[in-house]
Amino acid sequence: QVQLVESGGGLVQPGGSLRLSCAASGFAVSTYMMDWYRQAPGKEREWVARIFASGSFTNYAESVKGRFTISRDNAKSTVYLEMNSLKSEDTAVYYCNRYPPLPFWGQGTQVTVSS
């Protein structure tokens, strides 16, 4: 059974940090690029970051570059998103998916940045 399970979200003050996890299963995770996305209330889902299968290369949306770091542990089939210097505009539900993407999404994990 193919699954994507995101976790690690929560409420954090502006300037704070969080580490999200994405546990993937049911496919050869180590052979796929993996992406993080987010969807803020009333907005379209947007791409945030990508990591290549080997973990050697990463790409980021301009809005998070320098603040977020994507990484992966292929032995654990898990992808991470380290988020620092969080801003109120980072508030969203965060999702992971492989690339090419699966035709469904996990439940996501809520990140709320507020004082």
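Everything quoted here is computed from the prediction, not taken from an experiment.
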Is there a path of hydrophobic side-chain contacts, each under 4.5 Å between heavy atoms, that joins [X] and [Y]?
X     : Y      : answer
Trp47 : Phe104 : no
Leu81 : Tyr37  : no
Tyr95 : Leu4   : no
Val79 : Val93  : no

Subject >> Check: Phe68 ring centroid to Trp36 ring centroid under 6.0 Å >> reply: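 Ring centroids of Phe68 and Trp36 are no less than 6.0 Å from each other.
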For [X] and [Y], indicate whether the former's side chain and the latter's backbone hold a donor-acceptor pair under 3.5 Å.
X      : Y      : value
Trp105 : Gln107 : no
Thr91  : Val113 : yes
Arg72  : Gly55  : no
Asn74  : Ala53  : yes
Asn97  : Leu102 : yes

Donor-acceptor pairs are to be reported for all side-chain atoms of residues 17-34 against protein atoms at under 3.5 Å, with residues two or more places apart or in another chain.
unit_1, atom_1, unit_2, atom_2, d
Ser17, OG, Asn84, OD1, 2.8
Thr31, OG1, Ala28, O, 2.7

Give me the atom names and distance for the closest heavy-atom approach of [X] to [Y].
X     : Y      : answer
Cys96 : Glu6   : N-OE2, 3.0 Å
Pro14 : Ser114 : CD-C, 3.6 Å
Tyr60 : Ile70  : OH-N, 2.9 Å

**OP:** Begin with the C-alpha distance, continue with both residues' side-chain angles, and end with the deciding distance and a verdict on side chain to side chain contact (heavy atoms under 4.5 Å, CB included) for Arg67 and Asp90.
**Re:** CA-CA 11 Å; Arg67 300 188 298 120; Asp90 295 318; 2.7 Å; yes
**OP:** Would you indicate whether Glu89, at its atom CD, is surrounded by more than 12 heavy atoms from other residues, nucleotides or ligands within a distance under 6.0 Å?
**Re:**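 Atom CD in Glu89 is packed in, count exceeds 12.
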Original post:
Got a second to check how far Gln39's CD is from Gln110's CD, nearest 0.5 Å?
Top reply: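 With rounding to 0.5 Å, CD (Gln39) is 11.0 Å from CD (Gln110).
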Subject >> Approximate separation, where rounding is to 0.5 Å, of Gln1 CD and Gln3 CD >> reply: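 The CD atom of Gln1 sits 4.5 Å away from the CD atom of Gln3.
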